[in-house]
Each structure stands twice: as structure tokens, then as C-alpha cells.
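Below: one structure, written as C-alpha cells.
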2 protein chains.
Amino acid sequence: MATSILIVEDEQDIRELLEFTFLRDGYDVIAAETAEIALQKIDIKLPDMIVVDWMLPGMDGIDLAKRLRRDELTADLPIVMLTARGEEADKLKSFAGGIDDYITKPFSPRELLARVKALLRRSGGPKNNLIEASGICLDLNSYRITINGNEIQISPTEYKLLEVLMRNPDRAFERSQLLDRVWGRQVYVEERTVDVHMLRLRKILKPHGLDATLQTVRGIGYRFTSVS
Amino acid sequence: MATSILIVEDEQDIRELLEFTFLRDGYDVIAAETAEIALQKIDIKLPDMIVVDWMLPGMDGIDLAKRLRRDELTADLPIVMLTARGEEADKLKSFAGGIDDYITKPFSPRELLARVKALLRRSGGPKNNLIEASGICLDLNSYRITINGNEIQISPTEYKLLEVLMRNPDRAFERSQLLDRVWGRQVYVEERTVDVHMLRLRKILKPHGLDATLQTVRGIGYRFTSVS
DNA sequence: CCCATATATGACAATACCGTGAAAATATTG
DNA sequence: CAATATTTTCACGGTATTGTCATATATGGG
């Protein structure tokens, strides 16, 4: 799957220039005219990075960035801001921490690509295809899961759930966070459904004495903790 | 099937010289005038190697190479770059990792062929090799398949599908990935068609007790795993 | 020790996914 | 062009998976 970039830009010609530039360089491009539309598109599919104009009708680029930063799912999404010359000096400083890079208009496509590429390299390393803890081993390549070397059977949803938990060991997830990450945002399922799937995972791990790795955090949700 | 080479060159006389050179030496040749056309042709059929001119109208050779490198399907396609004398020193260095070899114009056909052959040999080109696992043996030269030494009959699509799977043992492919690799990207066929071909492959392997090598990965797709 | 709240668990109906045969469409061969 | 082989689509049925609910059990505060 190609790297996907979300472009948020209200001026049609600039938006099209951006689309063309990224498409030509092999990215998947999603475009939005406003920050509001951008948020919708993000809910449908999380992009790998966002290029957003500073000036937008309605919610502006800074507001969008702030909002994305506040949201746990998008908190570390790389954001590149487009600004007109003269704006950057004062205003951007007031929001130093929020964006990852900015480019002043007019910009050259070449420069934009170089920045974006550098940013992606910086923020998203190559994905590891083995997750291991406490003898549980997820092979993301073959979609196999083994416990102490023995392959075990697991259903797709349980697999994804376990993957999310094991990618973040010792981190407590709220049910809603797990729903977002495993089920996606566009589907609505009851929060209690998470409990049922945790139960099923524990049943699978129990014969190997590893059900204690899936811990309940009362009042919050669940957590994966490796045991020895 | 012969090794196929995609030539990307806008100057007609050079393009024809290249075509003639490779055809005479027994290669299948696909030609494209621009990088954009080249991408289309690649979508139709993935070549074994690409010879591309540095200077092209529209997307240039470097951009093409970059894009191919980024795409998982073409990431390790051997690329030979043609450059005019004097260009190579500075610019090519800035893109050292992306191409596999380059040749300065004017070049002798003899030298070009030698380089291409060396590159194909180096990158494990499809010259005279076999894929074998669990007694299933694909002879990529003669397009034959034998199981425990006995030649068996198989249709072209089944062959290609089995080849893709056996080239990547233990890797789970989504149906869409198999469609890209076996059918090409530009054709549209239903994802479920993959199922039918997997069914046929299993029927072929079943009498030899090898149908278990083709495993269903529920919710994802399929996987080849050698059994002993 | 009891209550209020949160989580665990088993059961069940709905659903999604896959295998399969067969017909229709397409390509290949003589 | 006819005959044959291959490929694609479709639809049906079986089965694993999934979401929800009802009920049981646990937890922690007062």
C-alpha cells in the first residue's frame, strides 16, 4: 500500500497542483477543501501525513492541527503547514510545537516533496513484522501467531486486538480507543463487545498460562503486560 | 517465456536501436516513449528489468525510478539508467541508491547487453532457475511444473498464481495483492475469482497430498506454506 | 457487610467469509 | 470458423466469526 497524503486546501488550483505533485511521485492522495471535510476523511481512513493550508474558510489550519493533536488516534500524524510569506514569523512561533514542518507559498513542488519525504523518513520507520512478548509471537507477514513456537488458531478480530495491545505493552487502553484502532471509527459497536473479545483472547492464552498478560484496568479498560 | 525488458526512451532512433539490440539477443521488449506510458505498461505486465533514459519529457527517469522503488510491487525491479556524458557525475550521485546501473550515451550495444546480463544475473533474474518446495517444482524456463518428479498439467493463470505464492512462502497475500501480481493492475476481475483458482490449484495438488500447502488466511487471503 | 458499579461469562442470533459447482464469457487451437 | 480449453462470474450452502444480551461474579467504598 502506498503512502497516503491528505491535502487540505481551499484554492482549487493550488489543491490540484499538490495532488498532481504527490500523485506523480507515487503517493495516494486524498483531498479536502475544508478542515471539516478533512476530519471526515480522516475518520474514514487515517492518512500517513497531512499537508494543510494555514488559511481556510471556517476552521483554519492551526485549529485543525490542534484538534488532531488533541485526538489520541491522530496525535502523532505528521503535519506540514502551507503559509503565505509574511505570516510565518509571528503566528507560527505561537504554535511552534504543533506542526512538524511548514512551507511558504509560493513553493516549488520539488522542495515540497523533499520536505515531505524527509518528514516521513523521520517519523515513520519501516514496520517491524515480528511482535514478540512472553513467548507470544505475531508474524505480521504470514498472519501467524505462535506461543512458545506452537502455532495457534485465532480469529481476525482477536488477531487485530492482540496486535494493538502487544504493540503497546503496559499501556492501558480505554474500550473506545480499542474500538477505534481495531474496528475503525466508521463502525459502531457496543463498548462491551471489547470485553467479550478480551474474554476470548484469554481463553486462547489460558492453556499456555499466559492469560494473565491481558489485564483488566478497572474503570478504564485493558492492558497487555508481559510476564515471565 | 523470455526475459522481458521495458525500454523508456523518447528519442525514436535510440529507442529503435535498443529494441533491435535486445530483440536480437532473445529478449521480449516492451517500449514506452514516456515515463507515464511506461507506468501503464508496467501495470499491464511487470517486466524483468527496465532501461530508462535520464532525460524524458514530463516525468524524468529519476522520478520514474523513485516511484517504482516506492511501490512494493516494483521495489526491486532492476533499473538501468541511460545518461548523456557529463550528467552522471553530479546528479546521479544524489540518487545513488535508486538505480542498479547506468550507461553513458553514446554506448555500444555490446556493452549494454553485457551490463544488462550482469545485472540480471546479480539480481537473481529468471534465467534458468527453479522454484522448489515440498516436492513441487516450477521450472521457470520451460514453464513446466513437476510434483515429485512427475510432470503435471496446469493452466497459465494457475501457474502464475502458484509462482507468486511459492516465490514468497509463508507470506499471506490479500486477494487484491494477488490480483495485482498475477493479473496485473489494469484488469478488473472480482476478488472472489482468486478463490476459484485456489480451488483448482488445490484440486491439482490434492492427489499428491499437497493441497495443505495452500492455506486460507481467514479475513485476509491465502498463503503458501511448505509441509514436510 | 451491603450496595452500587464494573467486569466476566455463556448463549444465541446475525453476519461475514469461504468453498464449491456450474453457467457464461473469453481465449486458444486446429 | 468450429471446437476446445481456459477464465470469470454467479449463487448457494456450510461454517467460523461476531455482536449483543442476560446473568453471574467481582470490586471497592462507605
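Here is how names work: the chains are called A, B, and so on, in the same order as the sequence lines, proteins then strands, and each is numbered from 1. These numbers were taken from a predicted model, which means no experiment stands behind them.
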Whole angstrom value for the distance that separates [atom2] of [N] from [atom1] of [X]:
{"X": "Leu199(B)", "N": "dA22(C)", "atom1": "CG", "atom2": "P", "result": "12 Å"}
{"X": "Gln153(A)", "N": "dT15(D)", "atom1": "CD", "atom2": "P", "result": "16 Å"}
{"X": "Tyr143(A)", "N": "dT17(D)", "atom1": "OH", "atom2": "P", "result": "16 Å"}
{"X": "Glu191(A)", "N": "dG19(D)", "atom1": "CD", "atom2": "P", "result": "14 Å"}
{"X": "Leu201(B)", "N": "dT6(D)", "atom1": "CG", "atom2": "C1'", "result": "14 Å"}
{"X": "Met198(A)", "N": "dA8(C)", "atom1": "CE", "atom2": "P", "result": "8 Å"}
{"X": "His197(A)", "N": "dG19(D)", "atom1": "NE2", "atom2": "C1'", "result": "7 Å"}
{"X": "Asp195(A)", "N": "dT25(D)", "atom1": "CG", "atom2": "P", "result": "17 Å"}

**Asked** Which residue, Ile220(A) or Val196(A), contacts DNA chain C at a nucleotide closer to its 5' end, judged by nearest heavy atom?
**Response** Ile220(A)

Once you apply a heavy-atom cut-off of 4.0 Å, does [X] come out as touching a base, just sugar-phosphate, or nothing?
{"X": "Tyr222(A)", "value": "sugar-phosphate"}
{"X": "Val194(B)", "value": "nothing"}
{"X": "Arg202(A)", "value": "sugar-phosphate"}
{"X": "Arg200(A)", "value": "base"}
{"X": "Tyr188(B)", "value": "sugar-phosphate"}
{"X": "Ser155(B)", "value": "sugar-phosphate"}

**Request:** Tell me which nucleotide among dT7(D), dT20(D), dC10(D) gets nearest to the side chain of Glu190(B).
**Result:**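 Of dT7(D), dT20(D), dC10(D), dC10(D) is nearest to the side chain of Glu190(B).
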
Does a side-chain N or O from [X] land closer than 4.0 Å to OP1 or OP2 of [N], or not?
{"X": "Lys203(B)", "N": "dG21(C)", "result": "yes"}
{"X": "Thr216(B)", "N": "dG19(C)", "result": "yes"}
{"X": "Trp183(A)", "N": "dT18(D)", "result": "no"}

**Request:** Provide the closest heavy-atom pair for Asp195(B) versus Arg175(B) in the form atom of the first, atom of the second, distance.
**Result:** OD1-NE, 2.7 Å

**Request:** Could you tell me which non-hydrogen atom of Pro47(A) sits nearest to which non-hydrogen atom of Ile50(A), and how far apart they are?
**Result:** CG-CG1, 4.1 Å

**Request:** Fit a plane to each ring of Tyr159(B) and Tyr143(B), take the angle between them on a 0 to 90° scale, and name the class: parallel (under 30°), tilted (30 to 60°) or perpendicular (over 60°).
**Result:** parallel

**Prompt:** Would you say the side chains of Arg200(B) and Ser155(B) form a donor-acceptor pair under 3.5 Å?
**Reply:** no

**Item:** Pair Arg202(B) + Asp211(B), salt bridge at N-O below 4.0 Å
**Value:**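 Salt bridge between Arg202(B) and Asp211(B), a charged N being under 4.0 Å from a carboxylate O: no.
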
**Item:** Short N-O contact, Asp170(B) and Arg144(A), less than 4.0 angstrom
**Value:** yes

**Asked** What about Arg192(A): does its side chain form a donor-acceptor pair under 3.5 Å with the base of dT20(D)?
**Response**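 It does not, because no donor-acceptor pair links the side chain of Arg192(A) to the base of dT20(D) below 3.5 Å.
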
**Fill in**
Result for 5'-nearest mapping on DNA chain D, choosing between Thr157(A) and Arg218(A), is Thr157(A)

